[in-house]
Amino acid sequence: MIQTIHQWQNTFVEDDVFLSAKTVDDHTDKLTPHELKAIESSVAARQQTYSTGRFCAKTALHSMGLGHCDYVQGLLRKEDGAVTWPEAVVGSISHTNDWAIAVVTKLGGNYLSLGVDIEKIDRVDKDVLRHIATDEERANLESGFELRWGRAALFSIKESVYKCLRPLYGEFFGFKDVQIKNLTAPFTKRVQSGIQPEFYAPTVELLLPSLANCIDEQRIRIRLAILPSHVLSLVSYHRAD
Ligand SMILES: CC(C)(COP(=O)(O)OP(=O)(O)OC[C@H]1O[C@@H](n2cnc3c(N)ncnc32)[C@H](O)[C@@H]1OP(=O)(O)O)[C@@H](O)C(=O)NCCC(=O)NCCS
């Protein structure tokens, strides 16, 4: 399944966003000494997700024309867990226990920040909703036809929103500080031939006043792809026109 992402990624992301996805495996041999030091005492599973996420990120950076000399020490973790990207780059990493994905783009183009998240659909059960969903989101999910992937999508989008906006806002914000709307809003873009996942373009409302004062809701864009067993979300924050 991981191979198929590369068949439709140009539908999912714009041409100036570079995406790489790989099956999680041991890629610790490709880490820099500094990157390796950060996870040397972690369990094997964590070493695999960390090293595969970084392998994806470096592959995406390579597609953008950047190489090792642009991140000599590696893609190190900041104190809050976010990645230290090369200068003038923004990006994001996500992993499940089986897939890792990274997106990057040049700062100075259309984007000020990116957040990506991948989740397994069956991992997000009903109880999770109590912690992550606003009353309105729960009502929307529970009314009418139940979406097989609704809860996982909500969770994934909120994680992507956090990864995208946290660096700009500078503070932690919680799951109920944002509200996702129009989960099944149609996403229209050129569609390539071959098997496609379902694509949607939900919207977001910032409920936390200080967050809404800092971030222009209209400049946030959400992309959602529904795969057989996973959901993938990408949130981008755009430069003002
Ligand atoms: C940070 C967080 C979003 C990561 O999501 P996750 O589902 O646990 O894990 P994922 O595999 O999708 O992503 C992990 C990657 O996110 C990135 N990341 C971690 N902290 C980050 C941050 N503060 N900002 C941006 N990216 C971050 C890292 O690259 C990390 O991978 P790595 O440690 O291998 O480098 C999550 O752990 C968290 O703290 N959530 C609470 C806050 C929140 O989501 N609020 C919702 C607001 S609507």
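Nothing fancy with the numbering, it's 1 onward along the sequence. Just so you know, ligand 1 is whichever comes first in the structure, and atom 1 is the first atom listed for that ligand. Predicted model only: the values in this text are computed from it and were never measured.
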Using a 4.5 Å cut-off on heavy atoms from C-beta on, say whether the side chain of Q48 contacts that of T28. no
Output every pair passing side-chain hydrogen bond (donor to acceptor under 3.5 Å, both in side chains) with a member in residues 57-85, not counting sequence neighbours, ordered by first then second residue. E35-K58
Take the angle between the ring planes of W99 and H230 and call it parallel below 30°, perpendicular above 60°, tilted in between. parallel
Protein residues that have a heavy atom under 4.0 Å from any atom of ligand 1, sorted by chain and number: R46, Y50, R54, R77, D80, G81, A82, V83, I93, S94, H95, D117, E119, K158, E159, Y162, K163, R166, F172, F173, G174, F175, V178
Would you mind checking if E119 and R123 are paired as a salt bridge, meaning a charged N to carboxylate O distance below 4.0 Å? yes
Test: R166 cationic atom under 6.0 Å from Y169 six-membered ring centre, within 45° of axis: no
From the list K158, R151, K181, salt bridge (Lys or Arg N to Asp or Glu O under 4.0 Å) with E137 holds only for K158
